[in-house]
Amino acid sequence: MHAWPASEVPALPGQGRDLRIHDTATDGLVTLDPGPVARIYVCGITPYDATHMGHAATYNAFDLVQRVWLDTKRQVHYVQNVTDVDDPLLERAVRDGVDWTALAEQETALFREDMTALRMLPPQHYIGAVEAIPGIVPLVERLRDAGAAYELEGDTYFSVEADPHFGSVSNLDAAAMRLLSAERGGDPDRPGKKNPLDPMLWMAAREGEPSWDGGTLGRGRPGWHIECVAIALDHLGMGFDVQGGGSDLAFPHHEMGASHAQALTGEFPMAKAYVHAGMVGLDGEKMSKSKGNLVFVSQLRREGVDPAAIRLTLLAHHYRSDWEWTDQVLQDALARLDRWRAAVSRPDGPPADALVEEIREALANDLDSPAALEAVDRWAALQQDTGGTDTGAPGVVSRAVDALLGVAL
Ligand code: 5CA
Ligand code: ZN
């Protein structure tokens, strides 16, 4: 499917920095050294409701990853999926009495608009689960033929024991995995499975649900983890730089995906860093479509909130921390946006070269966007208090804020 339009990324003077980022698998910072083309896969939405601030915060983190890479003059090969067929989408369509394809198309269109408004860089490949099915089926058949998958009452399951590295992404013990599996789309209590954690690769057609030709697997639809693996391997291959998503994807989604890919290729690891963003909450609970405690990007836009202020709200929080959306955090961002716009609207100001380096250093250090914002705050305060004579400095600041933080002043 098509993605959304790219906003320009201005080139900056000087040299970008290599990214050090937290890798969930090793629970430490890794300095990534991508080749001339950095490769990143970010898990996309399940389009049954509008983009909320939690989604936006997660996509903001991976947008920053790309901006750091682009600043080092690398190209970025970015792939994202859309889970346009899965249980929660089908359940919502039944609940609301709407066609599931129409629901998915409508919410994906809204997501594209939100991403465009927030100046998130688009993926080069934006791939739906449905369009990936012809590539998924042969992978599942291969896993089955290699003894890494088995059939249970017509459904096909992956055997976690087929991957010697299983567990190495999330590093959880068996009890924690079992609990999270039950909470996040797994079926650990289904009788007949070899291991309760084994995830479904291919679900045989159910009455009243959509299904596709699955070759020797029979008609059905794909499991969730194999969807992302098929798309990632097709467009990026093994050993890509970053696999990204919110922290709720570390287990089971990214753990299982890594295992599928490792069992398929015999290579390890699938990604050099597994990067996870913290959860955004509202009123003390994780913002989630299933709970319904949501602040939507599109709703704020409809109310006339400048998308640059929404983006500054996201940037004011470190991507790995869990945080709460409140009216106050948005008000703070609106005030900051006003101060910054006033500061760059003058023809001259305090020198900006050191500021560009500070923003670069902050972002290269595990995407420390709060530190980057504070550096810009200091420059804006100096401009306000004493001004400066450096002609062109305000232009350099706006270009740096645009290129590195995705905020148009
Ligand atoms: N389609 C799958 C991934 S393949 C999926 O998880 N879709 S989603 O719509 O539920 O979530 C999209 C992304 O937003 C995921 O990376 C998820 O981890 C992230 N996300 C969901 N809720 C929050 C939240 N409250 N805070 C931060 N990120 C969130
Ligand atoms: Zn995914």
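One-based numbering, in listed order, for ligands and for the atoms of each.
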Checking Trp340 against Asp377: is there a side-chain donor and acceptor pair closer than 3.5 Å?
yes
Nearest non-hydrogen contact with [atom] belongs to which option: [options]?
{"atom": "atom 2 (C) of ligand 1", "options": "Cys43, Ala56, Gly257, Gly44", "value": "Gly44"}
{"atom": "atom 16 (O) of ligand 1", "options": "Ala250, Gly185, Gly281, Gly246", "value": "Gly246"}
{"atom": "atom 26 (N) of ligand 1", "options": "Val280, Thr58, Asn293", "value": "Val280"}

Is the distance between the ring centroids of His276 and His254 under 6.0 Å?
yes
Tell me whether [X] at atom [atom1] has more than 12 heavy atoms from other residues, nucleotides or ligands lying less than 6.0 Å away.
{"X": "Asp327", "atom1": "CG", "answer": "no"}
{"X": "Glu8", "atom1": "CD", "answer": "no"}
{"X": "Glu209", "atom1": "CD", "answer": "yes"}

Could you check whether the rings of [X] and [Y] sit parallel, tilted or perpendicular, using 30° and 60° as the cut-offs?
{"X": "Tyr41", "Y": "Phe240", "answer": "tilted"}
{"X": "Tyr150", "Y": "Tyr157", "answer": "parallel"}
{"X": "His317", "Y": "Trp323", "answer": "parallel"}
{"X": "His52", "Y": "His55", "answer": "parallel"}
{"X": "Phe158", "Y": "His260", "answer": "perpendicular"}

For [atom], what is the nearest protein heavy atom, given as residue, atom name and distance?
{"atom": "atom 15 (C) of ligand 1", "value": "Leu249 CD1, 3.8 Å"}
{"atom": "atom 14 (O) of ligand 1", "value": "His55 CD2, 3.3 Å"}
{"atom": "atom 10 (O) of ligand 1", "value": "Lys289 NZ, 3.9 Å"}
{"atom": "atom 17 (C) of ligand 1", "value": "Asp248 OD1, 3.6 Å"}
{"atom": "atom 13 (C) of ligand 1", "value": "Tyr59 OH, 3.4 Å"}
{"atom": "atom 22 (N) of ligand 1", "value": "His52 CE1, 3.5 Å"}

Using non-hydrogen atoms of the residue, decide whether [X] is closer than 4.0 angstrom to ligand 1.
{"X": "Pro88", "answer": "no"}
{"X": "His276", "answer": "no"}
{"X": "Met53", "answer": "no"}

What do you reckon, does Gly54 have a nitrogen or oxygen under 3.5 Å from a nitrogen or oxygen of ligand 1?
yes
Test your reading of the structure: does Thr46 have an N or O sitting under 3.5 Å from an N or O of ligand 1?
yes
Check ligand 1 against [X] and write out every atom of the ligand that is under 4.0 Å from a heavy-atom position of the residue.
{"X": "Asn81", "value": "4 (S)"}
{"X": "His253", "value": "4 (S)"}
{"X": "Thr83", "value": "1 (N), 2 (C), 4 (S)"}
{"X": "Gly245", "value": "16 (O)"}
{"X": "Met287", "value": "22 (N), 24 (C), 25 (N)"}

Between Cys228 and ligand 1, which residue portion shows a heavy-atom distance shorter than 4.0 Å: side chain, backbone, both, or neither?
side chain
Does Glu227 approach ligand 1 within less than 4.0 angstrom via side chain, backbone, both or neither, non-hydrogen atoms only?
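Neither; nothing of Glu227 gets under 4.0 Å from ligand 1.
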From the list Asp86, Asp87, Asp49, salt bridge (charged side-chain N to carboxylate O under 4.0 Å, His left out) partner of Arg92 resolves to Asp49
In the protein, N/O/S atoms that are found under 2.8 Å from the Zn ion (ligand 2), waters not counted:
Cys43 SG, Cys228 SG, His253 NE2
Taking side chain to side chain donor-acceptor pair (under 3.5 Å) as the definition, give me every residue that meets it alongside Asp71, ordered by chain and number, with sequence neighbours left out.
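Asp71: side chain to side chain donor-acceptor pair (under 3.5 Å) contacts with Arg360.
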